[in-house]
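Right, one structure below, let's go through it.
Keep in mind that this is a model prediction, so the values were computed, not measured.
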Amino acid sequence: MIEFTHRVTSGLSLVLVTILLILCWRRTAKGDWPRYSAVTAAVLLFNEALLGALLVLVDHVGGLNRHTTHALFLCLHLETRSCCLPLWH
């Protein structure tokens, strides 16, 4: 159930950020900060999706130390999340 909820909320986030990006791009002038914020949100969400997909692929590859790869991906995930914090203020 947790994995299903994660997939649903991730998919919903993807749709909402895409709508945000399109609306900001159409309704704001070039150089306005909402454009940069929407692009930043899309890039960070894409980065999170890429990290999640790579983590799933690494789990299915034999011969790799799962603990080391999980630690690396956790660090990258937390770094991406820390990049999101300044956007909320």
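Considering only residues two or more places apart in sequence or on other chains, Asp32 meets the side-chain hydrogen bond (donor to acceptor under 3.5 Å, both in side chains) condition with none of them. Residues passing the side chain to side chain contact (heavy atoms under 4.5 Å, CB included) test with Thr9, sequence neighbours excluded: Thr5. Among residues two or more places apart in sequence or in another chain, the side chain to side chain contact (heavy atoms under 4.5 Å, CB included) test is passed with Arg35 by Trp25, Thr28, Lys30.
Sorted by first then second residue, the salt bridge (charged side-chain N to carboxylate O under 4.0 Å, His left out) pairs that include residues 14-27, not counting sequence neighbours, number zero. Screening residues 37-53 for salt bridge (charged side-chain N to carboxylate O under 4.0 Å, His left out) gives Glu48-Arg81 as the qualifying pairs, with residues at least two apart or on separate chains.
Cluster annotation: Val43 and Tyr36 are assigned to distinct hydrophobic clusters (Ile/Leu/Val/Met/Phe/Trp/Tyr, side-chain heavy-atom contacts under 4.5 Å, transitive).
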For residues 15-24, run the donor-acceptor check on the side chains, cut-off 3.5 Å, and write out each pair with its distance to 0.1 Å, sequence neighbours left out.
| residue | atom | partner | partner atom | Å |
| --- | --- | --- | --- | --- |
| Thr18 | OG1 | Leu14 | O | 2.7 |

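Hydrophobic cluster membership of Phe4, counting Ile, Leu, Val, Met, Phe, Trp and Tyr whose side-chain heavy atoms lie under 4.5 Å apart directly or via other members: Val8.
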